[in-house]
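The structure appears right after this line, and notes come after that.
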Amino acid sequence: MPKGKEISEGSTIEFTLKEKNLKGKVLGIKDSYLNIKLENGYNIMVIPDEIKKIINEDKINKIEREYSRESGQGTNISVISTGGTIVSKVDYSTGAVFPSLDISEITSRFKYIEKSYHVRSIPFLNILSENMEPEQWLQLAHKIVEESKRSEGIVISHGTDTMTYTASALAFLLKELSVPIIMVGSQRSSDRPSTDSYLNMEAAINFAASDFGEVGISMHSSISDDKIALLRGVRARKMHSSRRDAFRSIGENPVGYFQNGLVNISGPYRKKSASTSIFEKIEKRAGILYFHPGMETEDLSEYLEKKLGVVIMGTGLGHISTKFIDVIKEYTDSGRMAVMTTQCIYGTTDLDVYSTGRLLSRAGVTWAGNILPEAALTKMMVIMGNYPDFEWQKRMVTDMRGEILQREEIGVF
Amino acid sequence: MPKGKEISEGSTIEFTLKEKNLKGKVLGIKDSYLNIKLENGYNIMVIPDEIKKIINEDKINKIEREYSRESGQGTNISVISTGGTIVSKVDYSTGAVFPSLDISEITSRFKYIEKSYHVRSIPFLNILSENMEPEQWLQLAHKIVEESKRSEGIVISHGTDTMTYTASALAFLLKELSVPIIMVGSQRSSDRPSTDSYLNMEAAINFAASDFGEVGISMHSSISDDKIALLRGVRARKMHSSRRDAFRSIGENPVGYFQNGLVNISGPYRKKSASTSIFEKIEKRAGILYFHPGMETEDLSEYLEKKLGVVIMGTGLGHISTKFIDVIKEYTDSGRMAVMTTQCIYGTTDLDVYSTGRLLSRAGVTWAGNILPEAALTKMMVIMGNYPDFEWQKRMVTDMRGEILQREEIGVF
Amino acid sequence: MMDLPENIKIGLEVHLQVNAGKLFCSCESEGRDTGISFTRILHASSGELGGSDVSTLYEASRERIFKYIASDNSCLVEYDEEPPHKINRNALNTALMMASSFGSQILDRVVVMRKVVIDGSNTSGFQRTSLIGFGGEVRRGNYKSKISTICLEEDACRKVEESGNMVTYSLDRLGIPLIEISTEPDITSPEGAIEVAREIGERLISLGLLRKGADSIRQDVNFSMGNGRVEIKGVSKLNAIGEILQKEIDRQIALEKAIEIWNARGGTEPISFVVNNSIMNGTNSKMILNATEAGKDVLLARLKNGRKLLKSGEFRIGREIADALKQIGIKGILHYDELPAYGITLEEKQRISDFLELGEHDSFLILLEEESNAQYVSNVINNRIEKLLSGDFSETRAAMEDNTTRFMRPLSGSSRMYPETDIPVIEITRDMIENAIKNAPLPLEISVKEISTKYGISPQDASTLIWNNTISIFKEMAERGDPKMVCRILVQKLPELERKKNMKIDNKTLRNVFDFCLSNNFGRYSVEMALELISDGVPQEKILLQEKLRPVDESELTELMKSIEEKRNISAISKEIVSITGRPVDSSLIAKVLGNQSRSKHLNNT
Amino acid sequence: MMDLPENIKIGLEVHLQVNAGKLFCSCESEGRDTGISFTRILHASSGELGGSDVSTLYEASRERIFKYIASDNSCLVEYDEEPPHKINRNALNTALMMASSFGSQILDRVVVMRKVVIDGSNTSGFQRTSLIGFGGEVRRGNYKSKISTICLEEDACRKVEESGNMVTYSLDRLGIPLIEISTEPDITSPEGAIEVAREIGERLISLGLLRKGADSIRQDVNFSMGNGRVEIKGVSKLNAIGEILQKEIDRQIALEKAIEIWNARGGTEPISFVVNNSIMNGTNSKMILNATEAGKDVLLARLKNGRKLLKSGEFRIGREIADALKQIGIKGILHYDELPAYGITLEEKQRISDFLELGEHDSFLILLEEESNAQYVSNVINNRIEKLLSGDFSETRAAMEDNTTRFMRPLSGSSRMYPETDIPVIEITRDMIENAIKNAPLPLEISVKEISTKYGISPQDASTLIWNNTISIFKEMAERGDPKMVCRILVQKLPELERKKNMKIDNKTLRNVFDFCLSNNFGRYSVEMALELISDGVPQEKILLQEKLRPVDESELTELMKSIEEKRNISAISKEIVSITGRPVDSSLIAKVLGNQSRSKHLNNT
């Protein structure tokens, strides 16, 4: 770049590159490259030195657009945004995605929604879901209590990565619900014409107006844009890293579906209650440990030192190497809790079947049927935060929110 | 029990319990209970003191049965037993399961096997599969080299819990294979008339006589006793804790099937080579870490201290909280390896898509497409044990044994 | 009534289905097909081949595929795809109450066992069963019997179809708790057996915990008259016991005579089939022609000294042989006594006799099968004949529709059983035993009297409630205030509706309807309307609604009555009100309003 | 040849399919249906609504469902269910070679962009495209054109069917690498355009990397003659360019004249539809009757000053309007100029004219649609007319079968493009550029000469190899020893077989066959036999076997010959040997053995 020239972001410049005169808009400087959008729409990345000559520069102000936080009329629905891509916008020059609160962008796609629902957008967090922490679950639960007083349903937009953790945590934190809590996300970001976000959100708003008194998840049931599933939060899991239909109910069918504008909830579910109430605390000193051959006894013992409770993802019906028995026994003897789950994901634990299981059971390991590891972790955090320790085990093995299935039928695996 | 009386195991006694005269066989003493099998077949558990009077006692010697270690004639197949339930017997009095080497018990069920195969039973280990350790994978690989010299196919019976770990480890340890290696297990133990072990083994022996030059797994493809799948070891995973069809190929279809006595291998596979050779070492200082919200930076940093390599099961496309970036960077900067996989199990990792991914990538995290966590761990152990460190990353991201799929089609999730 | 041998001994095994969900999972007792099915093969357990059980080996020799239809009251446990869950405590406690009821001793620890059954009736290949207690006595009138054991076990699959080598079962019944009460063989008459069985059944009925359904009580009858024990399976109708036993006695007496003759002739020799396809050349017998066309061979065997014993007069040893063969799927067998017949001429019969060089008393068998099966079939026949000739008639037999019995399999021995290791030993606590004693069922007539007195209903009604299996609903709902109303509906309205609409309303639905109406303080008319709608097939969720079942109140009724012209017949008015509002209305309220209105009208008119 | 206006400017966008697998995944270029499909809806991206692209908005206004048929050369990337993989290096290098070939400047960094296309032809709703280079020149004979840009992009889905609001696409073509070479609008004649396009195509052909297939070369033509740029999409046949341009010129000239008249009359006013269903009462027009029966309304609008311009003489503004309406699915439009027709009488035409109070030069439109759509439709019509009247003819048009063009959508603008964030910026290294320069394709005739010389084959054969796209296989296999044999099979045998059996043998199969035979030292006869079997539909795995393709050797042949009686015709003998052995045989070997034998026979005979 010619010396003395300072190029500012957003300006339009004429310049010479590789002996050709070009015109473009400067989008920014990234990793010492100038990012320029040419007139034909293509972006190029140029090292400033490569630009031999700047013919002209026009500085242009950025345009700020207004957005609406409320839209439509009818049933009151609150959409609490935690920063998932679903209510995000893309900066079309850089391709960067940033969160938006313009709720009308979603609702205006579906005219009947504008007519039937009054949707309010509540900014709450703006984080990537992998950065979600237990404290924020508690804050979110409080926010839900607040919103439940003025809305008939709550939709929570959330990144898909840890959505089932948050859904489980909320399910356990919320003792009773006077409104449906519907989590929604998208696997294709909203900047793509093919995004799944609008359909997922349309379904979520409709689910939120039902009498579903639980924490649910509203996501595609297949890779087609035609049927959205309502999954029970404590039994759902993100089972594919990229597909639209990544979320699956483990061991049961989805509670309901949304298709052709209609909600159909066919599975058993808890109806909403008269009021919403919550547990006030959450115990953070809990974690998940994934057993594998080659794991050392110190791996386990050092990890356990820091935790009041641990969810072990064992093999098969809930096994780990028998060399760990002593460490585990010492741990549970000291009043702490070890809960066994299975890394198979599907199916139940049962420590009565094989000798290792029976040894673990005798060493104080708790097993709670087919509870999922994510549900076990969040349930443990809520139980340990709010109940005396002598009740922990009993609570853990007792179904609270549909997280322990009593029956698994043929078609759900 | 009347004082001065000593009851010996295996003896038949007449005694009085609750005012009734009973006769039965003493099976043993367990947790201070006498375990007695009554004449009508029922077992009862009695505290010795509850027996008021012993009328008679007959001591009987146990019957030892002979077993055969070789059977049939034809293609030479070695069955290496590592102690899974599949080649086990039950003690029908106690219900306890113990490993058996009587290969004719299996082969004699299928007359054509006796006619077409000469099956040799090789005792190797007798452990529960959750107790399998990396050293034993190496020993098993050596055993395979030895057996490959006199057999045309090798079947390895193995507990299902860690079967895919062993299958992956063997796949990486064995550089080239002159014989098929077919792992086989059972989800219902052989003492049940409904056991899946015979069909799985029948299929395994037939698969072992093919030209499949890889490590495969032979297990039920549905809950019906009709079709056995041949799964590629490095892409298989136990996805259900109890069902017969627990083993699934992740992201690809099974390589082949066995049905009605016929092997049909339709997927792409490596044919067997002229000889069998192995890597001689395995690096044990590697492990799997399962990321979850609430995980603390110390959880990670303390764990990493002990490991030369770590497989992280991140969320979605391969994410963990950005608070860990510094720890990870320091780790990889010191020449150690962090490989990202996804806890979704299905689907690929891609650290180019989201900002967290790009940060992780820049912090030195390796990502290898859709490699499974179990395959990543065992591959890492083999690579770190046998290649100079500057080659680790390149080897890790390069497909060696079909563990990284280039394409995922619509029907495999 | 019957002419009985003196030495007969009868013992009973009464199986009672407990209406309390399944024994080792959380499925319900009732269910329907899901349309999904799977197939299995069962293997005789290898471990048993040594000291193995004969009945198990017997089944294993038959190569069969079992198809299971999943019902909506089955789950992975029934599919044998998940370990059993913890034992159903209600079922266990019911078994303990029953044991207490007969003064049986209850074991301090219950060990769940696996009883190997490989006819496919259990997906696992075994039935879970546990010994709960022993001892005690059943008495009724002049009859009594000592109890040998009380067991709690799982019911088996319901057989749907059998064709070729495929047997199809439904899973709806699998896993339902069965209390098995076995008596000593101390009953000496069929009447005694009937009365003892009746008393056992009535105790569970009296508890209100017998499952509704045709096969909720099934008994096996153990019978002996000196030739070994015969276990007759599947006697579902109590009254048939007499005829079944009479026919079995006749069978054994005839057998005894036939064997006496046979042994007098010098006994027999093992048979051995030889092929002779040409001997029937030129035959007109369709049976033979069809068989040979299907590639089967004509196999002939001499049966030494067997003439006129296989089918002649009262002798039917041919059927004994045929029954045994049927179990291995062999049907095409003919013998000397029944020929000429089936298109086989006297001349052909003679030709065969000559070929086999029959002696004076010898018989022959014709088997139409592939030659390769000859050895196997002859083994089965020889074993059968040898056992009969030795005078040992002991075996398991099945009761047929016509009250005859058929050979089913050898008697089961104790080596069929080994522990269910998936379920830890269950401790029977002092509390459980006290509870069992406290709640032990009384004889039915005493229960009837107690209920009648306590709730102020007639003994007939109490008895009907018990027999209709609605007693537990009655007790539960009667406690909420209006026993007479509840009784009236259960005893009159319900059977009337079920008869009229020809459909059964299950207890769960009944309970829901009562619970909803009583919770809302809705009375008889609401319950009746709900039941009527249900019997019309309207789904519950469209019925159990406040706006639907709330009775028309007085002010509404007063208003409505104005529009009704004909006001003479209360029942007609009631119908009209119901059809206008779609809601129930109390007839007495109509009468009252009618009274008021006529008074006020009268007033206006004057 | 043509009578061209002086100011015409032609530019080309030539799209060449690269035969190197897909651009952003590992799927192959060729594939078949799997029978699995899925459906999608595309949304105009919210973020674009501000500074958004007109063509995108245009598509978004049409509510359509897209159905995609998965082919076996598609994966989650094509389904838009997985992020794109890293860029296909072969395709990228090919694009760089092409750029070098024309002396274009190559960018140091390639940024992959998303170009929004929401007609469903891309599952994601955008096409991935990247600018590789710019500058350079194409020359051929007397013609030349400057290159403006060279891009590497993904090909789109192949449209299979369109019915109602459902468009069906196959995924087999989606993602195939396309090199797009755009020239400046500096070409002044259709001949020039044809020659320039031909030269561009031949360079990739010369590399042997053009995909086989009907649509492997497609060009868009940019054309202007002073009324704005028209982009004509989908000109697949080069020779049609002349006729297409002539027809477009005719269209624009007629438009210019019509507009001149219209403007001279005082221009127009926006139309506005009014409902008048009764005006057509008593009509015999089936079109009207059918429409009203289907619940549609009769909507009428006056078109000021439009008379005799919509369809009269050379004027066709009616078609311009109809084309625009067709894009939003509206078909039922009629106008003044074409009436009386369609059963509408002169009297009815007059009635409408009177109702709309038409002036002397006014026209009218009849729209048969529901009233609720009137506003939307009139907006589309008004926009269309306003734009035409302003003299701006710029738009994207589609080339039709008859070489006319049809309005497709407004021109795309640069705001359709934003970065593909899933793919990091790709560095073009010095090595890559050097490689591109070294391997840059030469003009086809030079390539032909070089190949001919190097491998000792005729220039015609070399040319055929290149045009048949078998040049890369030829080079590869020729290096293994016998170029003439390879050439002979590829140039003669292969086309002959393909013609005879009417099927194409793909390059992958060809490569497998040659590789197998050459590896085993099997010659021409083995390759030919393999290809024949393949063209008969026998699967490869049953053909590529040693025992199948190993030529009959001399000793075998000698033995076999003994059994052959007629030994005159070598070709007949050869056929017989093949039919006996099922294996190939070398004719010259037959001749040799024949010689030996006749000699030895001769010896014996004398």
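Just so it is clear: chains get the letters A, B, ... in the order the sequence lines come, proteins before strands, and each one is counted from 1.
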For this session: Check for a donor-acceptor pair, side chain of B:R192 on one end and backbone N or O of C:H43 on the other, with a separation under 3.5 Å.
Result: no
Problem set entry | Contact origin within C:L76 toward chain B - heavy atom pairs under 4.5 Å | side chain
Exercise. Does any non-hydrogen side-chain atom of C:F134 lie less than 4.5 Å from one of B:L22?
Worked result: yes
Exercise. Got more than 12 heavy atoms from elsewhere within 6.0 Å of NZ, C:K67?
Worked result: no
Exercise. Does any heavy atom of chain C fall under 4.5 Å from the side chain of B:L17, the backbone, both, or neither of them?
Worked result: both
Exercise. Side chain of B:R244, backbone of C:D80: donor and acceptor closer than 3.5 Å?
Worked result: yes
For this session: Starting at OH of C:Y418, measure out to CG of B:N43 and round the result to the nearest 0.5 Å.
Result: 12.0 Å
Exercise. Can you tell me if CD on C:E427 sees more than 12 non-hydrogen neighbours from other groups inside 6.0 Å?
Worked result: yes
Exercise. Between the side chain of B:K18 and the main-chain N/O of C:I106, is any donor-acceptor distance below 3.5 Å?
Worked result: yes
Seminar exercise, completed: Of all heavy-atom pairs linking B:V46 and C:R109, the shortest is CA-NH1, 3.8 Å
Exercise. What are the two closest non-hydrogen atoms of C:G125 and B:P193, and how far apart are they?
Worked result: O-CG, 3.4 Å
Problem set entry | From NZ (C:K115) to CG (B:N40), nearest 0.5 Å | 9.0 Å
Problem set entry | Pairwise side-chain contact, C:T123 with B:S194, heavy-atom cut-off 4.5 Å (strictly under) | no
Problem set entry | Rounded distance [0.5 Å steps], CD in C:Q105 versus CD in B:E19 | 5.5 Å
Seminar exercise, completed: When the 4.5 angstrom heavy-atom criterion is applied to C:R40 and chain B, the contacting part is both
Exercise. By a 4.5 Å heavy-atom criterion (distance strictly below it), what part of C:S130 contacts chain B: side chain, backbone, both, or neither?
Worked result: backbone
Exercise. Hey, which of C:V425, C:V111, C:I65 has the most heavy atom pairs under 4.5 Å with chain B?
Worked result: C:V111
Exercise. How far does OG1 of C:T39 sit from CD1 of B:I223, to the nearest 0.5 angstrom?
Worked result: 9.0 Å
Problem set entry | Any B:Y42 side-chain heavy atom under 4.5 Å of C:T129 side chain | yes
Problem set entry | Student check: side-chain heavy atoms of B:R188 and C:E81 closer than 4.5 Å | yes
Problem set entry | Gap between atom CG of C:L42 and atom OG1 of B:T195 - 0.5 Å precision | 10.5 Å
Exercise. Okay, side chain of B:K37, backbone of C:M417: is any donor-acceptor separation there less than 3.5 Å?
Worked result: yes
